[in-house]
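Each chain gets a letter, A, B and so on, in the order its sequence line appears, and its residues count up from 1.
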Amino acid sequence: MLVVKNVSKTYNSNVVLKDVSLELKKRILGIVGPNSSGKSTLLRIIAGLEKPSCGKILFRDKDITRLNANKRVELGIVYAFQIPRPFYRLTVLENVMIGCLIRNGENIRERAIKICKMMGIDHLINAKAKVLSQGELKLLELARVIATEPEIILLDEPFAALDKKNAKVVKEKLLEFKRMNYRMLITAHRFKILRDIADGFVEIKEGKIRRYHVEG
Amino acid sequence: MEINYLIINFFSGIFLALFTIGLISNFKIAKFLNLSYGSFFALGAYVAYHFFLSLHLLSILILLFISSIFGILLYVLLKKIGNDVLSSTIVSLGLGILIEEILRLTHVTGYFLILDVPIKVYEIAGVKMAQWELVQFFMLITILTILYALYKSKYGIKIKFVEEDVELATIYGVNINVYQFSSILLACILSSVLGFLSSTTQAIFPSMGWGVLVSGIIVLAIASQFRLVGFKQYLVLTIVSIAYAEIIGWF
Amino acid sequence: MSKKTLEIAALIVILVIPMFLNFYYLWLFCLASIFATYTLSWFLMEKLCGRTSFGHTLPFGLTAYIAAIAIFFKYPLYLMPLIALLVAMVSATIFYATSFLDRVKFVFATFLYSIVLWEFAPFVVIKGDMLYGGEEGFSIPMLPTKAVYLFSSCLLFVTFVFLIVLHNSKLGLKMMAVRDDEEAALAIGINVKQIKVLNCVFSSLFASFAGLMYTLHFSHVDPDIFSVENAVFPFIASVFAGGYLVPVIGSYILIFASKYLNSILPQFHLFLYAIILIISPKLRRFSNARG
């Protein structure tokens, strides 16, 4: 479905990704590696937020390398930031509604409320995003992503900067996404944290794929 | 003939470099674009209009006093009101307009000219140069030397620290207020001294500083692209100013 | 009655009252309505796209200047909206190109546009068939104030309603998303470039038409239309920004206060502008905290 083919990324003379290739065969693929290993850059390249120095991104056998990020969202590839980046001056409901707008359907407000309920933030719908806690912001980020009706969700370190309690809540939501048959690419520092969620793993180090543990 | 134009433009560049040194120092150390800078230039010219013919060089003391008062006022306003680049810049714009309006209200006539000052001309290697042009040339050399010595001294590293990251510098115990205050005060004085010195060569009116400020901001924008800190940025600024004046003069 | 309806009703009252006043007040209200449109055009960019422009004198002043020259050379009046449209497109292109800079640099760059225009405007001196602009500017035949007021009040009303409708539309929501975080908006599927283009076009369009009204109202333009005073006017008028009526009322108050202060001492109103600018960060923080 999604294929990353020989992707490299260089900033000035600093090589961040070296000839990375992978394929999203399973529903949920974990990308694991230490800090500065290139995980986030890889996800941002797949999302279209950065252009690769060379290599290709294929989605359903179609080359999407030169496609803008917003067009990729229309195709169903959506990215969630490591540190949540809500639209701070808008309410929670408006934030989710913006996600819904991409599909141009009717009853956007109702759909957004439904998603807020699903994510457990329906009691906050009229609150401005700037007053939310880090845990609530993470849930809002996930809600906004779901609102775009994605096929593949790119999650950049979803447990970063969360305490144990909030990490547990986020993990439950991701398991719920799994049950809902969403395809996901999730980055993390360690295997352990993704063990219950991911179907397969890729280890990335110094911009190169070291190990590929994907069954089937 | 063309050599003469090159030399005239070269001295315009020297003036621009002198003017922009204060602007870039405020931008890098005090973290704002000083939009009152042009008004300080006009302030200097008005002080020259009132006192130069009667008090001669003593009038510089009056200039230092007046520009220091407004410079301190700018610093206090920035500390009390401005909390980021944008708000500080807007506060400085407000002060600039305030100074300009004080000049406008206290001088009902639109334009003034200082006519009674004889312009001394020197000839060096066959090229004629006005006294004022030589003064600004030596001023630039002196200021660059002082800046070089400052950046080589024990304070140099602290100033570079402030230029790189104010917050981090504060955390590591650098008294940023001293550096920011000095930068603002000296820049305001520099601008008004330049206005004072150039007052005999142009018409004096409250908004006379805007034109030169625009050139200063353009030079600052170009020089900032090199992302330098320390003495190098002033050196690059001087080169950019001269190149800018040569190119603009050519057209 | 909703807040929106109340705001529109209040604006209608403000626009109708001058019809029953004497010539001087009609003239003053006309000027205030033109500057209120100018402020709203600026506010559209600031409130919906988060870009603070100090260069709205570009569409406003340039339209005023070019329209005045065209009228001076006896071009028919019905061509003037076309001029406003053309200047708006040029200005929108410049604003859009500038919007690739970060928000702080955008402010600096747009401010530079104003000052550069202000410095260059005195050089507009056409000699063939005489049009000696220069520092004094130039005059055109005067139009009936009532007619100009009718047009300027209609323009203000249309701008006001457009802004309210836009604010509550899907497009408005997308604009506000871009305002808050461009990259996050892109990541969620919003075509950021398209949204920014639309915002620049709308904002420039209203500012241009306000500039056209200014020429028709004053029958005179001079380089001061590009002055710092005009460049910062919308910023000062909307310093207490809340809904869309606040900048309109702010513009009216500023115009009336300026005329009153000018009657005490010429240019005295600029003191007021300077003081408001100096304390504006505090006022804005207060206004945001209240919001």
| Note: C:Glu182-C:Arg51 ion pair, threshold 4.0 Å (strictly below) | yes
| query | Is it true that B:Glu100 and B:Arg104 make a salt bridge, defined as a side-chain N closer than 4.0 Å to a carboxylate O? | reply | yes
| B:Leu98 portion near chain C, given a 4.5 angstrom heavy-atom threshold | both
| query | Do you know which of B:Asn83, B:Leu77, B:Asp84, B:Leu213 has the most heavy-atom pairs with chain C at a distance under 4.5 angstrom? | reply | B:Asn83
| According to the interplanar angle, ranging from 0 to 90°, do the rings of B:His50 and B:His107 count as parallel (below 30°), tilted (30 to 60°) or perpendicular (above 60°)? | tilted
| B:Ile99, part contacting chain C, at a heavy-atom distance under 4.5 Å | neither
| said: Please tell me whether C:Phe271 and C:Phe268 form a close aromatic pair, meaning their ring centres lie under 6.0 Å apart. | reply: yes
| chain C contacts, top residue of B:Ile102, B:Ile218, B:Leu93 (heavy-atom pairs, under 4.5 Å) | B:Leu93
| field | Centroid-centroid under 6.0 Å between B:Phe27 and B:Phe32 rings | value | no
| request: Considering only heavy atoms and a distance below 4.5 Å, find which of B:Ala221, B:Gly94, B:Ser207 pairs most often with chain C. | output: B:Gly94
| Region of B:Thr89 that comes under 4.5 Å of a non-hydrogen atom in chain C | side chain
| request: With a 4.5 angstrom heavy-atom cut-off, could you sort out which part of C:Leu270 is near chain B: side chain, backbone, both or neither? | output: both
| task | Find out whether the Lys NZ or Arg CZ of C:Lys196 is both under 6.0 angstrom from the six-membered ring centre of C:Phe100 and within 45° of the ring's axis. | result | yes
| remark: Highest number of heavy-atom pairs under 4.5 Å with chain B among C:Tyr273, C:Phe54, C:Phe111 belongs to C:Phe111
